[in-house]
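Both counts, for ligands and for their atoms, begin at 1 and track the order of listing. Along the sequence shown, residues are numbered consecutively beginning with 1.
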Amino acid sequence: MITSSAPGKIYLFGEHAVVYGESAICCAINLRTRVQAELSDSVEIISVLGRSGINFEKHPYVSAVIEQMRKFVPIKGVTININSELPVGSGLGSSAALTVSTIQALNQLFDCGLSLEQIAELGHNIERDVQGNASPTDTYVSTMGGVFMLPHRKKLKLANCGIVIGDTGRDSSTKKLVLNVAELNNSFPEIISPILSIIGKITSFGEYSMYNNDYLSIGKLMNINQGLLDSIGVGSLELSQLIYSARSKGAYGAKLTGAGGGGCMIALTDTGKINDVSDAIESAGGIPITTNITDKGVIVE
Ligand code: MEV
């Protein structure tokens, strides 16, 4: 039996602007999806959603991984067990972590010899097939682990600081939100384009502050980034409530992460204030999840 796991991700800076070629910083986080794979007579996929064979309704990502990997290795039967610490559909890269972790488990079990680069690329192709559209960032960061400056995938040093995630519990559609920003940009290009380019500049200042472990500045820049995300229409009342409550309890900074609209916010926090920030997020109606940034990408456990 093989057990593999892969991490989820957060955007510290630059979501949406990265779609327009601006810089963003994306970090792997210590919340993982674990996949156990074992040879058997038929295909069986087991998760909190139930059991199935190849089934694109119930288990689309794992089904797609098996079908794709059957192109290079005969997979007659395998039992796959999924456990995840990542909330689904909340912008933390849960589908990428599941896809990448499943590819690595089958890669090991059937001795396919895929490199990390190949796993990331196959993972992206599968996410795109299942979702119709997907950025390569989630699968890349989940495969490699660590902190990356996009779009050039420059590896940055880890920030050694607490992160409290606040899940609004509301689904959001990345496709719809990216489209809304595009429409706003078409209507007011002289206003929206400079905002996106300033978000890119915030990311560059963020990189410098991360290099210096200057958490106060990182937090201030996150707050400015959040204001601009609000201005392009990807905030929400629930996100703002969690963001302001985290700031009021001394978080260095707080902003939404990912597409926005719903999903999750993140607060960068001194380790001594994690409990206060977490309680504040909960009192404001969110589900707090404490984590940190990790260098560990997909691994065999
Ligand atoms: C979503 O996680 C991040 C966005 O920037 C979209 C993308 O980069 O594909 C909103």
Side-chain angles (χ1 to χ4, degrees), residues 6-29 31 33 61 86-100 120-121 123-144 147-154 163 165-168 170-186 192-193 195-204 206 221-222 225-236 239 243 255-266 289 291 293:
K9 65 95 194 26
I10 53 168
Y11 274 92
L12 212 46
F13 300 106
E15 51 273 270
H16 285 289
V18 72
V19 174
Y20 296 81
E22 299 292 345
S23 300
I25 294 177
C26 192
C27 317
I29 49 169
L31 296 170
T33 297
Y61 296 97
L86 287 157
V88 173
S90 53
L92 300 179
S94 62
S95 60
L98 172 60
T99 305
V100 163
E121 194 184 332
H124 175 226
N125 292 341
I126 287 168
E127 279 226 301
R128 211 180 35 206
D129 286 352
V130 173
Q131 297 170 11
N133 186 18
S135 116
T137 301
D138 289 17
T139 39
Y140 187 80
V141 173
S142 185
T143 305
M144 304 299 172
V147 181
F148 289 92
M149 178 118 156
L150 306 168
H152 302 299
R153 296 179 173 173
K154 176 178 170 193
I163 304 267
I165 294 169
D167 187 354
T168 62
R170 277 200 171 216
D171 275 4
S172 73
S173 158
T174 302
K175 197 170 169 183
K176 188 164 159 271
L177 285 148
V178 169
L179 198 69
N180 289 351
V181 174
E183 278 169 9
L184 202 61
N185 192 34
N186 284 340
I192 302 301
S193 287
I195 291 177
L196 295 169
S197 126
I198 289 180
I199 292 178
K201 287 204 179 81
I202 291 172
T203 300
S204 302
L221 291 164
M222 286 171 71
N225 192 161
Q226 172 60 26
L228 296 176
L229 285 164
D230 255 331
S231 78
I232 59 171
V234 298
S236 75
L239 283 166
I243 287 165
K255 62 179 273 294
L256 66 83
T257 181
C264 291
M265 51 71 71
I266 50 168
I289 312 169
T291 189
I293 296 172

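Just one residue in the list Thr291, Ile165, Ile266, Asp138 forms a side-chain contact (heavy atoms from CB on, under 4.5 Å) with Leu92, and that residue is Ile165.
There is a side-chain donor-acceptor pair under 3.5 Å between Ser95 and Glu127.
Among all non-hydrogen protein atoms, the one lying nearest atom 3 (C) of ligand 1 is Tyr11 CE1, 3.7 Å. The protein heavy-atom contact nearest to atom 9 (O) of ligand 1 is Ser135 CB, 3.0 Å. Scanning the protein for heavy atoms near atom 1 (C) of ligand 1, the closest one is Ala259 N, 3.8 Å.
Here the side chain of Thr257 pairs a donor or acceptor atom with the backbone of Tyr11 at under 3.5 angstrom.
The environment of Arg170 atom CZ is sparse: at most 12 non-hydrogen atoms of other residues, nucleotides or ligands sit within 6.0 angstrom.
Nearest heavy-atom pair across Gly261 and Ser236 is O-CB, 3.3 Å.
Applying the 4.0 Å criterion to heavy atoms of Glu15 picks out, from ligand 1, the atoms 5 (O). Close contacts of ligand 1 with His16, meaning ligand atoms under 4.0 Å from a residue heavy atom, involve 4 (C), 5 (O), 10 (C).
Under a 4.0 Å heavy-atom criterion, Val18 is in contact with ligand 1.
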